[in-house]
Amino acid sequence: MEDQFSFDEEIDDEKEIKRKKLALKEQVASAKSHLDGQKSKYYNEIKSGSKLTNEQQEAINFYDKSQKEVKEYENAKSHFLNKTNRFFGDKFKGFEYNVGEKNYRFNINDINEVKETQSDINNFIGKFLDKDGQMANEAGYHKALYSAMNSDAIAKHFYEQGKADALKESATSSKNINMDPRQELVSNQNKDGIKVRVLGENSSDFKFKIKNKK
């Protein structure tokens, strides 16, 4: 090993040092590949053996099942992340909610933050757990989950409620209109005996009569 891969950075030139480093990496990779092959071969020999005890066979079956589940999980995770990245791509402008015959969009300020947070479901569940991983806020959890599963229905409810409140406020305001009868005629008489009658409320129809006192 020393003759083939060792080097002295102060004596050997840079080209020789790089050659030996590369050769060492190739040797390590080859050795690792050989060991993995031997391990697989050994495992297959044990698996196909007819002298295995029940415990050994159960252990092998458990290992096979675990490896299969791990592979399935990794595939599902990769598929989920690919879908998530595609959804939050350049075309993403916000979440849309269906309210009756109309669609309304809720814009997102920090798309990357939302994507990272929602890429792990534990970030959602963890908000309602205590430090020991036990449920601590069951009301908040079920409210949030129900809202997520019925988002369009909830949006429609508050939209209709807003319309009803606006109509109610408009009706209340209309009841506060001044309904006192118009004062068509106002008369006044000063000390000199001049009597004035106002015949209208607007400047355009303002008229008066002056009558001298006899």
Side-chain angles (χ1 to χ4, degrees), residues 24-25 28-165:
L24 179 59
K25 289 182 179 180
V28 170
S30 177
K32 185 176 182 300
S33 177
H34 176 72
L35 289 175
D36 289 341
Q38 291 296 107
K39 182 175 67 174
S40 298
K41 181 180 178 181
Y42 176 73
Y43 174 73
N44 290 332
E45 289 177 353
I46 293 177
K47 186 177 179 180
S48 61
S50 58
K51 296 182 180 180
L52 294 176
T53 64
N54 291 335
E55 290 79 6
Q56 290 173 331
Q57 188 63 53
E58 289 178 0
I60 290 176
N61 293 340
F62 176 78
Y63 175 79
D64 288 341
K65 183 179 179 181
S66 300
Q67 289 296 103
K68 181 179 179 181
E69 291 176 350
V70 168
K71 187 175 181 180
E72 290 175 350
Y73 169 77
E74 292 296 333
N75 290 338
K77 181 180 179 181
S78 178
H79 180 75
F80 171 79
L81 293 177
N82 288 335
K83 286 280 190 177
T84 298
N85 290 329
R86 187 182 307 169
F87 176 74
F88 286 105
D90 296 336
K91 294 182 180 180
F92 178 77
K93 303 301 180 183
F95 295 107
E96 290 190 354
Y97 294 86
N98 178 261
V99 182
E101 297 180 354
K102 297 182 179 180
N103 289 329
Y104 294 89
R105 178 180 295 159
F106 186 84
N107 295 325
I108 303 298
N109 293 328
D110 194 335
I111 296 176
N112 288 329
E113 181 181 0
V114 173
K115 181 178 71 172
E116 292 297 324
T117 301
Q118 297 186 178
S119 292
D120 187 353
I121 192 64
N122 292 317
N123 292 328
F124 169 74
I125 299 176
K127 294 171 58 178
F128 310 101
L129 306 180
D130 59 22
K131 62 180 182 179
D132 297 322
Q134 300 295 323
M135 178 63 72
N137 183 5
E138 62 277 12
Y141 168 79
H142 288 290
K143 175 183 176 181
L145 187 59
Y146 181 85
S147 299
M149 297 178 68
N150 300 274
S151 57
D152 287 346
I154 293 175
K156 182 178 181 181
H157 166 77
F158 286 110
Y159 175 78
E160 297 295 339
Q161 185 64 50
K163 286 172 46 178
D165 290 344

Please examine the side chains of Glu116 and Glu113, heavy atoms only from C-beta on, and report whether any two atoms are closer than 4.5 Å.
no
Residue pair Ile108, Phe92: steps toward the side chain to side chain contact (heavy atoms under 4.5 Å, CB included) verdict
CA-CA 9 Å; Ile108 303 298; Phe92 178 77; 4.1 Å; yes
Starting at NZ of Lys65, measure out to CG of Asn61 and round the result to the nearest 0.5 Å.
10.0 Å
May I have all residue pairs that pass side-chain hydrogen bond (donor to acceptor under 3.5 Å, both in side chains) and include part of residues 120-132, sequence neighbours excluded?
Asp120-Asn122
State the CG-OH distance between Asn75 and Tyr73, to the nearest 0.5 angstrom.
12.0 Å
Considering residues at least two apart in sequence or located in another chain, which fulfil the ring-ring contact (aromatic ring centres under 6.0 Å, His included) criterion with Phe128?
Phe124, Tyr141
Would you indicate whether Asn109, at its atom CG, is surrounded by more than 12 heavy atoms from other residues, nucleotides or ligands within a distance under 6.0 Å?
no
Spacing of NE2 belonging to His157 relative to CD1 belonging to Ile154, to within rounding of 0.5 Å:
9.0 Å
Just how far is it from atom NZ of Lys68 to atom CD of Glu72, taken to the nearest 0.5 Å?
5.5 Å
To the nearest 0.5 Å, what is the distance between CG on Leu129 and CE on Met135?
6.0 Å
Where do Thr84 and Lys115 come nearest, in terms of heavy atoms and distance?
CG2-CG, 3.8 Å
Quick one: side chains of residues 95-106, donor-acceptor pairs under 3.5 Å with protein atoms, not counting sequence neighbours, listed by atom name and distance.
unit_1 : atom_1 : unit_2 : atom_2 : d
Glu96  : OE2    : Arg105 : NH2    : 3.3
Asn98  : ND2    : Asn103 : OD1    : 3.0

Pair Lys163 + Glu160: basic N to acidic O under 4.0 Å
yes
Between Ser33 and Ala29, is there a donor-acceptor pair closer than 3.5 Å when you use the side chain of the first and the backbone of the second?
no
Would you give the length of the straight line joining atom OG of Ser119 to atom NZ of Lys83, rounded to the nearest 0.5 angstrom?
14.5 Å
Going by atom types only, do Glu58 and Asn54 share a side-chain donor-acceptor pair under 3.5 Å?
no
